[in-house]
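Working notes, beginning with the structure itself.
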Amino acid sequence: MEIINNAAEMHAWSKNRQKEGLIVGFVPTMGALHKGHIELVNHSVKENDVTVCSIFVNPVQFNNPDDLEKYPRTFDQDVAMLRDAACDLVFYPPVKEMYPEPVTRQYDFGILDKVMEGRYRPGHFNGVAIVVKKLFDIVVPNRAYFGEKDFQQLAIIRALAKQETLDVEIVSCPIVREPDGLAMSTRNVRLSKVQRVHASLIYNTLLFAKKMYPHTQPDELKKEVEQRINNNPYMQLEYFEISDTETLEPIGQVKPPKPVIACIAVYMGEVRLIDNMILNL
Ligand code: PAF
């Protein structure tokens, strides 16, 4: 497995593979890899001739400087996991390589980046769009893989690909869960032992919401979820929203005859966890 730090070298590597007729799959990450990331790599390895994984902790998508500082960096372990997963190349650029100039670009995604994560993490999705566009320009992948845990991010990236007419297929992969249902996330390692035991309540609450949705008014369901989460002494609900899976618009009181998704963000101490579940399929 090769490791490349330089953007021009990375670009040339992909272009050369494509000249040979090979299909390049790409898994962008911020490192601190877990089984969820490796599942994305597994999908890419299966579906493409070569797989590139990037590791870049993107400073411009952190609206909270503390979060950026505390973001785990586990490069050696990440490389070992990627080698075991048969990844072909790791793109590991320094910040200067990605941002030689200060970033000023402002994307407009309409409502997609105003609700839920966008509301509570202003500027986050603009930072994600900036880095994903740059990574796509450098890696020029044929396919790129993203996890459904970050459902809103996926919607933003699809919108970005459309807006910029990017010639890349965006592939989404299902959430990977721990045996007790907790969605795998880099942030899980920051939970204390006792918080970790309680954390499965998030998944169980989504299952509860799915069960209740057909015969409960959305507002009533939202109240019940809020109570369930906030009654747990280790949790504080940031939001629970039921939204159209395509537009991400909150559904209000009338249940639409379309797929809807429940999205949740919960604080456990300083650790912020998100999860989601389609309610009506
Ligand atoms: O999902 C992530 O890990 C990041 O937001 C991404 C897509 C790698 C961009 O930095």
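Everything numeric here is computed off the predicted structure, so don't read it as measured data. Hydrogens, waters and symmetry mates play no part in the numbers below; they use all other heavy atoms, side chains included. Each ligand, and each atom within it, is numbered from 1 in the order the structure gives.
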Quick one: side chains of residues 89-104, donor-acceptor pairs under 3.5 Å with protein atoms, not counting sequence neighbours, listed by atom name and distance.
residue : atom : partner : partner atom : Å
Glu97   : OE2  : Ala7    : N            : 2.8
Tyr99   : OH   : Asn58   : OD1          : 2.5

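- For Thr29, every heavy-atom contact with ligand 1 shorter than 4.0 Å involves the backbone, none the side chain.
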Under 3.5 Å, which donor-acceptor pairs link side chains of residues 33-41 to any protein atom two or more places apart or in another chain?
residue : atom : partner : partner atom : Å
His34   : ND1  : Gly36   : N            : 2.9
His37   : ND1  : His34   : N            : 3.1
Glu39   : OE2  : Asn42   : ND2          : 3.2

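- Residue-environment remark: CZ (Arg73) exceeds the threshold of 12 foreign heavy atoms within 6.0 Å.
- No salt bridge links Glu117 with Lys149; every basic N to acidic carboxylate O contact stays at or beyond 4.0 Å.
- Atom 7 (C) of ligand 1 has as its closest protein heavy atom Gln153 NE2, 3.5 Å.
- Here the heavy atom of the protein found nearest to atom 10 (O) of ligand 1 is Gln61 OE1, 2.6 Å.
- Annotation for ligand 1: atoms under 4.0 Å from non-hydrogen atoms of Val131 are 9 (C), 10 (O).
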